[in-house]
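Notes to accompany the following structure.
Below, chain A is the first sequence line, B the second, and so on; all start at residue 1.
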Amino acid sequence: MKEHPQTSYSYIQCRGSDTVLAIIQKIAADYMKEFPSLRLPLLGGGTSRGYKCILDKTTNIGMVSSPMSPDMKKWAKKQPVDLQYTLIAYDGLVAIVHASNPIANLSLDQLHDVFTGKVTDWKALGWEKGGPIHVYSQDPGRGGYEPWKRMVAGENGFITLKATVINGSVIYKSVQDDPAGIGYVGLITATKMHSKILSVNGIVPSIETIHEGTYPIRRELALVSAKGETNPEIERFLAYCMNPAKGQTTIEKMGIVHAHAGEKS
Amino acid sequence: MNRRRFLALMGSVVGAAGVAGAGFYSWFRHHEQDRETLVMGGSSIVDRFIKKVLPGFYKHHHQIDVLVEGGGSSGGLIALERGGIDLAMMSRELTPDENRLNIHSYLIGIESIAIVVHASNRIEGISLEQVRKIFDGSIDNWKELGGPDRAMNAYGRKEGSTTRLTLDQLVMQSAPFNRKVKELESSEVMLATVSDDPFAVGFLTNRHLNDKVKALKVNGIEISEESILLHRYPLTRDLFLVYKDPEKDIARNFINYVLSNESQITLADSGLTRVR
């Protein structure tokens, strides 16, 4: 690999949610082919980093999969940067259990009781054998945490303190190894990792049910940038992600609900 | 050699214990005359690249002295939080716990390592797991990778090499190298050795990669500028400079220089993939 660095390249760094990163990897590869003078270094690290790296101006585009945490919101108000939010896709959040677990469906109320710690034994959910439920939750810096807390634990609810906190997407591994475990990840990750996914209120999470909004737990995947950004390359890339024939088609081909599909529902 | 340069050189060997002393020195110098001292500490991998851009930085900032300490990524971050240094050098992302709102990190470049074999080798790719097994000795014949029934000649780098350190941390997961792995002095020797040995396997940073050897796909991904930038090629390491609020002008000057076109060219010539 003897590609000598060219000074004529422009660089746009994107940083944040690993779920969004998986999408941007595909779109950025197309983009660099179409615009060979552009370079797009990508960095993961989670949603809170996606917001922070725009507010502290360390990166050009942030990748996020949930709203800002309350702490971040408070801090953001003190920063001289206003955020521009570009919704690119939707992802369902799904409950996952061990492959040997006989339960296939829980109601949203049952999920609420499990994740707030009201119900602590599998027997109460209809598993004959019974035994303590091991709850796994994401780190609050990760994109799944806020939407799951809001939609499952409730606006003023809390995830049970007994939950084991796991750093983001590897939560699927913990649940795959624990017959008594239950956790949550994005549908995109769960499908890729072949986790056992529960339906909720009898609705199987899928592109269709997330698109229609019948599956009740979904989150927004978005790019954030600084309002009034003077670098035209940033706007150009954001527009490419939203272009129905370009970025949005790539997202659809990945089996993900793109932003335009969501608008119709 | 004047005192400033001597101390700058000393800095790299003093290690974390020197951070407090360096802080004092910085205070002392500052009050002595109109010179300023920037103190950095942390990862020896980042340090190696920072040394390459220092001469350029001094050309633009005559009045600033830079002291570089060791301590590793975590040690550097702790020193930064305690106010002992102005900038931390890190060869890994901040963990969610470390990612506090007053700590800010800039990506300055990406280091990457190629797994290399003789140009005539017909193997196309390898998994990270297989790389580990080659260097810990559990794979020692090419037929285990679908090649001929021939002994594998594994070549490594000596401890102390930053390329070796990167491979240790990304792949080996604290498994030691097998004694049969021949440890070579430099990347140049590695390149010469692997290009001469049809049954060799070794590793190089991408700066040393050329047509005399063949780079294997790792986990199905070819090493290229694109796969490194898009975070698809697995044997990469992101390098960061980290500052803490309130940001000092002197730290800002240095970050701006490292992110400048001039410095990014130097970093790329030293083997990093540039990111600005």
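- In this structure, CG on Leu259(B) lies 10.0 Å from OG1 on Thr58(A), to the nearest 0.5 angstrom.
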Leu229(B)/Leu42(A) under side chain to side chain contact (heavy atoms under 4.5 Å, CB included): CA gap, chis, key distance, verdict: CA-CA 6 Å; Leu229(B) 287 177; Leu42(A) 307 183; over 6 Å; no
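- Contact of Arg49(A) with chain B is made through backbone and side chain together, with heavy-atom distances under 4.5 Å.
- Trp75(A) approaches Leu101(B) most closely through the heavy-atom pair CZ2-O, 3.4 Å.
- Under a cut-off of 6.0 angstrom, the local environment of CZ in Arg252(B) is crowded, with over 12 non-hydrogen atoms contributed by other residues, nucleotides or ligands.
- Within a 6.0 Å radius of CZ in Arg232(B), no more than 12 heavy atoms belonging to other residues, nucleotides or ligands are found.
- Taking a 6.0 Å sphere around OH of Tyr85(A), one finds it holds more than 12 heavy atoms contributed by other residues, nucleotides or ligands.
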Step by step, work out the side chain to side chain contact (heavy atoms under 4.5 Å, CB included) result for Arg15(A) and Ser105(B). CA-CA 11 Å; Arg15(A) 190 172 188 184; Ser105(B) 67; 2.7 Å; yes
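- Salt-bridge annotation for Glu225(B) and Arg39(A): present, with a side-chain N of the basic residue lying under 4.0 Å from a carboxylate O of the acidic one.
- Note on Glu93(B), His231(B), Arg276(B): by heavy-atom pairs under 4.5 Å with chain A, the leading option is Arg276(B).
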Could you walk me through whether Tyr11(A) and Arg274(B) pass side chain to side chain contact (heavy atoms under 4.5 Å, CB included), step by step? CA-CA 9 Å; Tyr11(A) 289 80; Arg274(B) 60 182 291 183; 2.9 Å; yes
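- In terms of non-hydrogen atom pairs under 4.5 Å with chain A, the most contact-rich of Thr95(B), Leu94(B), Asp245(B) is Leu94(B).
- Interface check for chain B: of the options Cys14(A), Ala29(A), Ser48(A), the most heavy-atom pairs under 4.5 Å are formed by Ala29(A).
- A side-chain donor-acceptor contact under 3.5 Å links Gln25(A) to the backbone of Leu230(B).
- Only the side chain of Asp238(B) comes within less than 4.5 Å of a heavy atom in chain A; its backbone stays farther off.
- Rounding to the nearest 0.5 Å places CG of Asp56(A) at 5.0 Å from NE2 of His104(B).
- The minimum heavy-atom distance linking Val275(B) with Gln13(A) is given by the pair O-NE2, 3.1 Å.
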